[in-house]
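In listed order, ligands and their atoms are each counted from 1. As the structure is a computational prediction, the values presented were derived from the model and not from experiment.
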Amino acid sequence: MPYLNTIPVQSRVAMLNRLDTGKNPQDILRPALSMLSGKMALVSSFGADSVVLLHMVAQIAPDTPVLFIDTQMLFRATVSYQKQVVEVLGLTDVRRILPDPGEIFLGDTEGLLHQADTDTCCALRKVAPLQRALEPFDAWITGRKQHQSTTRADMATWEDDGAARLKLNPLAQWSKADVAAYFDHHNLPRHPLSEKGYPSIGCAPCTFSVTPDLDDRAGRWAGKAKTECGIHFSPKAYKQSGSK
Ligand code: SF4
């Protein structure tokens, strides 16, 4: 439906949310991946729950571009798990997104920027690389869920990413139990850290284990006010927040 591109993103978001809210993730993904074939990418951290959405997408369209943001600060376990998952699921277009070497040389030569300024470190290693990688796409898919934290509790199925792209969160309304049941039903491989108290897994220096009574994302930047790396802020909001 090419005419859809002539409708403003916010209007498309409202229309798609009316159509899709409350549907099964697969029933949302199937028409979306067909309608936006080649123009929609899945962004994945290959973290604790990532394989659920990767599996759904692999079942529908294994050639969907998958953008894996490798900040070069990931756990070694994530890097080896990523290779395992790609092989098991048969994904054919996984793109490793790296920071710009020149920007890292100038901004984080020692690899210690995360100790002094997490926002700038995330901007260099995650936000800017993803913004560049998303340029050819009209839409992207994320695995975010409302239950993960209070800051995600109101998240809609479809969002405007603030850069004229659609953002789809097909698992937005899934609970922890839904995710666990899907893992069991499809016998999916688990991230080695997920059973060691890491329900959300990002970069090694900024991810800590948590006790079961806390939000899944409580171990991310634990002890700091920061709750998001910035890739889910609109570029405009990210700039206004004072981050680079
Ligand atoms: Fe840097 Fe930590 Fe952000 Fe990773 S999560 S990019 S190490 S501040």
Check the angle between the aromatic planes of Phe68 and Phe46 and answer parallel, tilted or perpendicular using the 30° and 60° thresholds. perpendicular
Minimum side-chain heavy-atom gap Leu74-Gln82 below 4.5 Å: no
Can you tell me the protein heavy atom closest to atom 4 (Fe) of ligand 1 and the distance? Cys203 SG, 2.3 Å
Which ligand 1 atoms, with their elements, are less than 4.0 angstrom from a heavy-atom of Arg125? 6 (S)
Identify the closest protein heavy atom to atom 2 (Fe) of ligand 1: which residue and atom is it, and at what distance? Cys206 SG, 2.3 Å
May I ask you to check whether His191 and Tyr198 show a side-chain donor-acceptor distance below 3.5 Å? no
Identify, by atom number and element, the atoms of ligand 1 in contact range of Thr118, meaning under 4.0 Å from any of its heavy atoms. 8 (S)
Closer than 2.8 Å to atom 2 (Fe) of ligand 1: does that hold for any N, O or S atom in Cys121? no
Test: Arg165 cationic atom under 6.0 Å from Phe137 six-membered ring centre, within 45° of axis: no
As a quick check of understanding, evaluate salt bridge (charged side-chain N to carboxylate O under 4.0 Å, His left out) for Asp178 and Lys145, giving each step before the final call. CA-CA 11 Å; Asp178 292 325; Lys145 298 167 245 356; over 6 Å; no
Check each atom of ligand 1 against the heavy atoms of Cys122 and keep those under 4.0 Å away; list them by number with element. 3 (Fe), 5 (S), 6 (S), 8 (S)
